[in-house]
Amino acid sequence: MKKNLFAILAISALVFTSCKDDKKASETNTENVEAKSDNETTENVNSGEATTSGNLLNDVALLNKAEKELKELPKFKGKDIKVFQQVYFYGDGRIKLAIQDPAKPENVDDYLFQNGKWQEPQPVQISGGGSMDDNVFPLKDIKFETVANINKQVEAKSKDIEGAQPLGALYYAMNPATGELRWMASVQGTRGNYTGMFNADGSLKSFDKN
């Protein structure tokens with residue numbers, strides 16, 4: 001079995017953890033990541049404490065802008081961008097991901113899209129005995145605008161869920177142990193929570209009650 005790597009973002013304090021082999025453990029890890037991110041980011045999003053106007057999750061133009069500008073950053077222009085384990089998209093306008101340095105493959109930096117632009121990257125501390133190659137995936141494998149497609153599908157599914165809360169965030173992640181990649185979104189309802197899993201192109205894989 002492949003070994004996982006763990007990244008501790010020294011400045012932003014966001015901890016990227018890897019998925020376990022089974023779905024339940026994967027969901028638990030996701031909750032842990034969210035809990036350590038920006039003083040309970042998910043709770044802030046759901047409570048309406050947004051940092052920008054609008055909703056990134058359904059803004060195709062802003063999603064495309066973010067993707068284009070990331071790829072055009074001097075460090076990445078014309079190069080194959082490799083993401084460390086996950087990309088997070090938040091309704092309040094933020095996108096978070098850690099990227100392998102093309103010039104120094106052993107290094108990973110945290111990138112944050114906020115207030116309509118990419119912020120200065122922050123260094124990441126990597127630990128664990130795994131291989132970096134087993135913990136990164138090409139950014140070109142996904143399109144940011146797929147977020148809007150998934151959000152629309154989740155909204156449709158939520159109509160049948162009592163007390164469903166609007167989606168505050170979703171993410172694309174890999175399981176380093178298996179190499180599996182998928183989009184994931186969680187919906188909180190009055191009588192239970194649900195998890196949706198989607199393929200790289202945004203097509204629905206599963207949507208089940210936890």
Side-chain angles (χ1 to χ4, degrees), residues 1-9 12 14-23 25-30 32-34 37 56-57 63-64 66-73 75-90 94-113 118 121-151 169-186 195-206:
M1 181 179 292
K2 298 177 181 178
K3 293 183 179 180
N4 304 343
L5 288 176
F6 299 89
I8 303 175
L9 278 61
S12 69
L14 174 64
V15 177
F16 282 97
T17 59
S18 62
C19 300
K20 299 297 183 181
D21 293 337
D22 59 88
K23 175 181 174 183
S26 176
E27 292 166 355
T28 301
N29 276 343
T30 301
N32 290 339
V33 172
E34 297 291 350
S37 173
L56 175 71
L57 302 185
L63 288 164
N64 284 333
E67 181 178 355
K68 180 180 179 181
E69 292 182 356
L70 176 62
K71 292 178 178 179
E72 291 182 349
L73 290 177
K75 180 178 285 188
F76 302 130
K77 193 169 184 178
K79 299 179 181 178
D80 187 17
I81 301 175
K82 293 187 177 182
V83 179
F84 184 83
Q85 296 185 353
Q86 300 126 334
V87 185
Y88 283 85
F89 298 82
Y90 299 91
R94 292 172 300 131
I95 301 171
K96 289 186 176 183
L97 71 165
I99 300 177
Q100 184 181 36
D101 188 335
K104 297 181 178 180
E106 69 275 15
N107 291 345
V108 172
D109 296 296
D110 175 34
Y111 285 79
L112 171 66
F113 182 80
W118 289 100
Q122 306 297 340
V124 174
Q125 296 179 9
I126 300 294
S127 64
S131 166
M132 181 65 73
D133 289 342
D134 292 335
N135 286 266
V136 297
F137 62 88
L139 182 65
K140 65 182 180 181
D141 287 354
I142 61 171
K143 297 293 184 182
F144 283 13
E145 65 181 19
T146 303
V147 168
N149 175 23
I150 293 175
N151 186 57
L170 59 84
Y171 66 99
Y172 187 75
M174 74 179 302
N175 182 335
T178 65
E180 181 182 8
L181 290 152
R182 61 197 175 190
W183 291 95
M184 295 185 69
S186 297
T195 296
M197 297 187 185
F198 303 81
N199 298 308
D201 63 359
S203 57
L204 180 64
K205 186 174 183 179
S206 65

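As the structure is a prediction and not an experimental result, all values here were calculated from the model.
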[atom1] of [X] to [atom2] of [Y]: how many Å apart, nearest 0.5 Å?
| X | Y | atom1 | atom2 | result |
| --- | --- | --- | --- | --- |
| R94 | L112 | CZ | CG | 7.0 Å |
| N175 | N135 | CG | CG | 10.0 Å |
| L57 | F89 | CG | CZ | 9.0 Å |
| I142 | L181 | CD1 | CG | 9.0 Å |
| L63 | T146 | CG | OG1 | 9.0 Å |
| M174 | F84 | CE | CZ | 9.0 Å |

Over all heavy atoms of both residues, which pair between [X] and [Y] is shortest? Give the atoms and the distance, please.
| X | Y | value |
| --- | --- | --- |
| T195 | S186 | OG1-OG, 4.0 Å |
| D141 | A200 | O-CB, 4.1 Å |
| M132 | P105 | CG-O, 3.8 Å |
| A185 | L170 | CB-CB, 4.0 Å |
| D80 | P138 | OD1-CB, 4.0 Å |
| A66 | W118 | O-NE1, 2.9 Å |

| query | Is the distance between the ring centroids of F144 and F113 less than 6.0 Å? | reply |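 That pair fails the under 6.0 Å test.
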
| query | Pick from Q122, Q100, K75: which one makes a side-chain contact (heavy atoms from CB on, under 4.5 Å) with D109? | reply |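 The side-chain contact (heavy atoms from CB on, under 4.5 Å) with D109 is passed solely by K75 among Q122, Q100, K75.
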
| task | Using distance alone, with no hydrogens and no angle criterion, decide if D133 and S131 have a side-chain donor and acceptor under 3.5 Å apart. | result |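 Absent: no donor and acceptor within the cut-off.
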
| query | Do L139 and I99 have side chains that get closer than 4.5 Å, going by heavy atoms? | reply |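 No. Closest side-chain heavy atoms not under 4.5 Å.
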
| request: Please examine the side chains of Y172 and V83, heavy atoms only from C-beta on, and report whether any two atoms are closer than 4.5 Å. | output: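 Sidechains of Y172 and V83: no contact.
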
| query | When you measure from the side chain of W183 to the backbone N and O of Y171, does any donor-acceptor pair fall under 3.5 Å? | reply |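 No, because the side chain of W183 does not come within donor-acceptor range (under 3.5 Å) of the backbone of Y171.
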
| Is a side-chain N or O of N199 found less than 3.5 angstrom from the main chain of D201, in a donor-acceptor match? |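 Between the backbone of D201 and the side chain of N199 there is no qualifying donor-acceptor contact (under 3.5 Å).
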
| query | Between K96 and D110, is there a salt bridge with N-O shorter than 4.0 Å? | reply |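 Looking at K96 together with D110, the answer is no, because their closest N to O distance does not fall below 4.0 Å.
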
